Amino acid sequence: MIKGTTINLHDRLRALAQNLWWTWHPEVISLFTDLDPHLWRQVDHNPIAFLNQITPEQIEERASELVLHSRINYAFRRLNEYVEKDKTWGMMHCGNLNNRPVVYFSAEFGMHESLPIYSGGLGILSGDHLKSASDLGVPLIGIGLLYQQGYFNQSLNKDGWQEENYVNLNINNLPLQPVLDASGQPLLVRIDTRSGPLSARVWLVQVGRIRLLLLDSNVDCNSSDDCALTSRLYGGDDRLRIRQELLLGIGGARVLQALNIIPGVLHLNEGHSAFAILEESRRIMDYDQIPFHRAHRRVTLRTVFTTHTPVAAGHDRFPPDLVEEHLGIFRENLGLSHDDFMALGRINPYDKSEPFCMTVLALKSSCRANGVSAIHGTVSRLMWHSLWPQRPETEVPIGHITNGVHVLSWLAPPMYQLFETRLGQDWPTRMVHPDIWETISEIDDGEMWETHQSLKMRLIRFVRRRLQLQAERLGHSDTLKQIDQFLDPDVLTIGCARRFATYKRGDLILSQAERLAKLVEDTSRPIQIIFAGKAHPRDDEGKRVLQRIAQYSYSPASRRRVVFVENYDYNLARHLVQGVDVWLNNPRRPLEACGTSGQKVVLNGGLNLSVLDGWWNEAYDGRNGFAIGYGGMHNDPNVQYLRDANYLYETLEKEVIPLYYERDAGGIPHLWVQRMKHAMKSLGWRFSADRMVIDYAERFYLPAASAVSTVTR
Ligand SMILES: *Cc1c(COP(=O)(O)O)cnc(C)c1O
């Protein structure tokens, strides 16, 4: 950390920009917006790009005009204090992880729109995990991949069909520092495969107190194909996929070795990184001169595995030839035959037709495994029962820890300030205690409603700006003329944003067009809907669902009240979850593993309207939001679709809309606001990432770390 008073403002701002701590500190963000609001928006909220476009002299000048010196110095001091603080939850409770930290592997990390190395929920969850581990002071290191083209930018054509655009990120505009080896050269890790070596360099991203190490295959010694290996998330075929996972798992574990970091716990967030188990086993074999099965057993004791999807296609499976090509040399070093090796990833070790499944490897090699909500735990035990055929289903060793969100990243600053007046200044450090949230009852209904309305207005202005750009590109001249009439802050506003996987049924609310039209066009109590979300580039069925919504939103009758905003990302998500009245989530039960966007909504005063699946199945208490149906399922997805559609309309017509429009003389919907407050109180602490990380630490990390403290390494 840079210290002292000799460094100038530009350097201080650069130090702030280099640590993603700024992303959850609005007082730092406001420094940049105050310095140059136009430039800040132009660089897509990227402080490094911002500083690369403005000279130290310009900063001094602007700071003097605006009297920003003391605010910049204060922010800089706060960052230093934060990083050096030693009285944290982790210091008090996780002492035995200090020398041997948790290493958290994930194929994606979503921390902010300016570092687009995530595609959706899994990445946002990993980012929130790092941020909460940082706030709590849990000793943890993240391992991921640097994608030079990120996921993709989405635009829709005139027919409402999704088009994908890829742009190369400019490394100089990202908060990356090269990781160097002992001789001061850029650290390179190398993996030998039957088709030649594969190398990667390593970057460090600082996330508060936490280090995130990203592998990047774009190095001279790789072939041009391999240079592009890490350019996109989830692109390409199985071969590209296994090569990415080789880098993440084996490459990631080798980075740790090069930096002399011995993991106390391996936490595999999803199966993509499961090869790390094997590399860690190899290290122990070498060090202790023991055979593979003993080393593997030892690694298993301290491996934690989190599975995220009840959908079969979400689990990577590789055919034997790809495994042999990429891991043949490696398995010879482990002293394993091809069949022995394949058996590690097979449910039935002797079934030669079975591919190598990363989830199976992870489940066989971890003593602690979990799904991400209570219902997902149950679904996962059923799904993987065949791995433990001798046990009853309830005894399958997969538990659950329900996901949560990083509160300070998702809570809008005006709502934060409102909380502060009742919960006390230090509430963020005590947010996992339910009792401090009780004081939310004391917030005046009018004040709460006004804060919410101002956030909704902010969302509407943001959406109109985006719709204007879309309409200009598509040549929708009628839309352009009316843009100021799009969306009305006094109308019940429903947000519906998600990945357009078919099981999420994004178009459920369109299924009975006349019934929807009645709700949208009602003169006294109308609704409006803001849609957003990306379909996977190769998921044509998902794209068709998206197209149906887009076309509906283009039609003259509904376009002022039903809109589709392109390019769902962190920024759009933040505006949406902070500004909507109602968050609609209607996946096909029980296929939603958890869902976290509804948790972000709760913090900001929105109410959930959701199928009883994922987190909502355990969160809904009858008074903190709305349920679609009663948790029923049907073998025929079409029957379930029709039923759920009916439940959805019914709940809207009979519960949501009447409650929303029931106002006092001053226009305040008191019963609605009661629900908002009750949701915040009953859910805010429970579905925070702080609670989640503490659960992982107490139930998994600490027991796993002490399981091996008796052995030497
Ligand atoms: C929170 C978030 C998600 C997760 O969405 P769910 O549908 O609730 O799982 C996905 N994408 C972005 C950008 C998010 O912020």
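Just so you know, these numbers come straight off a predicted model, no measurement behind them. When reading the values below, keep in mind they use all heavy atoms of this one structure, side chains included, and skip hydrogens, waters and symmetry mates. Ligands are counted one by one from 1 in listed order, and the atoms in each one are counted from 1 as well.
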- Message: Here's one to test your reading of the geometry: is the NZ or CZ of R232 within 45 degrees of the ring axis of Y166 and under 6.0 Å from its centre?
- Response: yes
- Message: Using the rule side-chain hydrogen bond (donor to acceptor under 3.5 Å, both in side chains), only one of D128, T596, N604 pairs with W410; which is it?
- Response: D128
- Message: Before you tell me yes or no, could you show the steps for E113 and R574 under salt bridge (charged side-chain N to carboxylate O under 4.0 Å, His left out), namely the whole-Å CA-CA distance, both residues' side-chain angles and the distance that decides it to 0.1 Å?
- Response: CA-CA 10 Å; E113 57 266 27; R574 190 167 46 232; 2.6 Å; yes
- Task: Answer yes or no for K534 and Y151: cation-pi contact, defined as NZ/CZ to six-membered ring centre under 6.0 Å and angle to ring axis within 45°.
- Result: no
- Message: Under a 3.5 Å distance rule, please check whether D613 uses its side chain to pair with a backbone N or O of E592 as donor and acceptor.
- Response: yes
When you check ligand 1 against the protein, what N or O pairs turn up below 3.5 Å? List the atom names and distances, or just say none.
residue, atom, partner, partner atom, Å
ligand 1, 7 (O), K504, NZ, 3.3
ligand 1, 8 (O), T596, N, 2.9
ligand 1, 8 (O), S597, N, 2.8
ligand 1, 8 (O), S597, OG, 2.5
ligand 1, 15 (O), K600, NZ, 2.7

- Charged N to carboxylate O under 4.0 angstrom, E164 versus K543? yes
